Amino acid sequence: MFIPFQNKTSKTFGQQFLQSVWQFGAIFALAAFLGFSTNQFRDSRLPLFEKWSMEARLISSSGERLDISLVEAKRMFLEEAVIIFDARPNGDYEKGHIRGARSLPWHEVDQRFMELTKDISVDTPIITYCDGETCELSHHLANFLLDLGFTNVRILVNGWTKWQNANLPIDKEDTN
Amino acid sequence: MTKKRKNLSRFFYLSARLILGVIFIYASYDKILHPKAFAEVVYNYQILPDALINVTAIFLPWLEMLMGVFLIVGFWMPGSVMWCNILLVVYISALCFNLARGLDVNCGCFSTTKGSSISIETILWDVFFLAFSVYLAIVVFGSGFSKGSN
């Protein structure tokens, strides 16, 4: 083991430890100060406390539930009464997606939403989905569409997995 | 200690500081820019209560940034090294906990964007960094330890 400067300091271990304790506290305080003051002056300030439960995140700002059951989503799909948006990255969409779903990756939403929503009236039923119980992409996309003025937007939570498990129609992009 | 050995040990010490410093700054940068996305990563770990998620997302990246800068410039080394070891142990524990219970979450280690799920590889990287961090702790506290035990 290489230990440089071994004889450089005159501090004992106790002194060194005490020094590290106050520095530990000072670094904590400094980081807290920088973090909270930066957050305070940020345009998109993060609230200090927020409800993070799944139920809370499925409620729109106007207080409506945004989630939709698989049974309901299936019924709307079969009636061709809904536009479905896949919020996952394009690569995941190409590997497989709900039949007829449009790819609107959350990370490209600003560039692509105009093109993909221009033929949809504001009251058209829309379903967004991604994959995984904790996947946030469909939530973000749904809230984004609501903010744009679409009035009938729902989220199929864990949509891709649920859809496949129910053996409902899917499509895969031909990569050849 | 011979001069050659002294230079070599100084090189190791400075390299460890530089490597860890750069890693922590790199890890904090994206999280500072996107606190909301980082809060989601923290939430997805399913470890902290709701009340601590946003506070952690605001505070933790700055702690990493400060630690990274202090390690590089050699300021408040005992405190910085202590934080470095504690954080890496906490990160490894959180990663192991979620890997063991099979939760597929975005690691959020270096970026807030989706695509880096936790894996054995992620944990091994953190263990690798912890080895550097423990080495720094031995160096920083080692001299005082040997003095105090005399």
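From a predicted model like this one, the values you see are computed outputs, not experimental measurements. Numbered from 1 within each chain, the chains take letters A, B, ... in sequence-line order.
- Side-chain atoms of B:Pro78 and A:Phe17, non-hydrogen and from C-beta on, never get closer than 4.5 Å to each other.
- In this structure, A:Gln111 places its CD atom where more than 12 heavy-atom neighbours from other residues, nucleotides or ligands lie under 6.0 Å away.
- Contacts between residues 113-128 of chain A and chain B, counted as heavy-atom pairs separated by less than 4.5 Å, involve no residue at all.
- Hydrophobic clustering (ILVMFWY, side-chain heavy atoms < 4.5 Å, transitive): A:Val71 and A:Leu66 are in distinct clusters.
- Considering all non-hydrogen atoms of both residues, B:Leu66 and A:Ala31 come closest at CD1-N, 3.4 Å.
- Put simply, B:Tyr29 and B:Val73 are part of two different groups of oily side chains (I, L, V, M, F, W, Y) that touch within less than 4.5 Å, one to the next.
- Side-chain contact, B:Glu40 with A:His140: a donor N or O sits under 3.5 Å from an acceptor N or O.
- Hydrophobic clustering places B:Phe38 together with B:Leu95 (ILVMFWY residues linked when any side-chain heavy atoms are closer than 4.5 Å, directly or through intermediates).
- Annotation: A:Glu80, atom CD; neighbour count of heavy atoms from other residues, nucleotides and ligands within 6.0 Å does not exceed 12.
- For a residue to count as touching a neighbouring chain, one of its non-hydrogen atoms must lie under 4.5 Å from one of that chain's; by this rule A:Arg42 touches chain B with the side chain only.
- Proximity to chain B (any heavy atom under 4.5 Å) is restricted, for A:Trp22, to the side chain, taken from C-beta onward.
- Two different hydrophobic clusters hold A:Leu46 and A:Phe41 under the rule that ILVMFWY side chains link at heavy-atom gaps under 4.5 Å.
- Annotation: residues 51-60 of chain B contacts chain A through B:Ala51, B:Ile53, B:Asn54, B:Val55, B:Ala57, B:Ile58, B:Phe59 [non-hydrogen atoms, separation under 4.5 Å].
- Contact annotation for B:Phe70: only side-chain heavy atoms (C-beta onward) come within less than 4.5 Å of a heavy atom of chain A.
- Residues A:Ile27 and B:Trp76 form a side-chain contact, since some pair of their non-hydrogen atoms from C-beta on lies under 4.5 Å apart.
- Every residue was checked against the ring-ring contact (aromatic ring centres under 6.0 Å, His included) condition with A:Phe33, not counting sequence neighbours, and none meets it.
- For A:Asp171, the salt bridge (charged side-chain N to carboxylate O under 4.0 Å, His left out) test picks out A:Arg99, with sequence neighbours left out.
- Side-chain contact between B:Lys36 and A:Arg45 is absent, with no heavy atoms from C-beta onward closer than 4.5 Å.
- With a 4.5 angstrom heavy-atom cutoff, B:Met77 touches chain A only via backbone atoms.
- In this structure, A:Thr38 OG1 and B:Met65 CE are separated by 10.0 Å, a value rounded to the nearest 0.5 Å.
- Using a 4.5 Å heavy-atom cutoff, the side chains of B:Trp62 and A:Asn39 are not in contact.
- Within a 6.0 Å radius of CZ in A:Phe36, more than 12 heavy atoms belonging to other residues, nucleotides or ligands are found.
- A single hydrophobic cluster is seen to contain both A:Ile83 and A:Leu145, as judged by linkage of ILVMFWY side chains at heavy-atom distances under 4.5 Å, directly or through other members.
- Here the CZ atom belonging to B:Phe141 is positioned 8.5 Å from the CD atom belonging to A:Gln19, to the nearest 0.5 angstrom.
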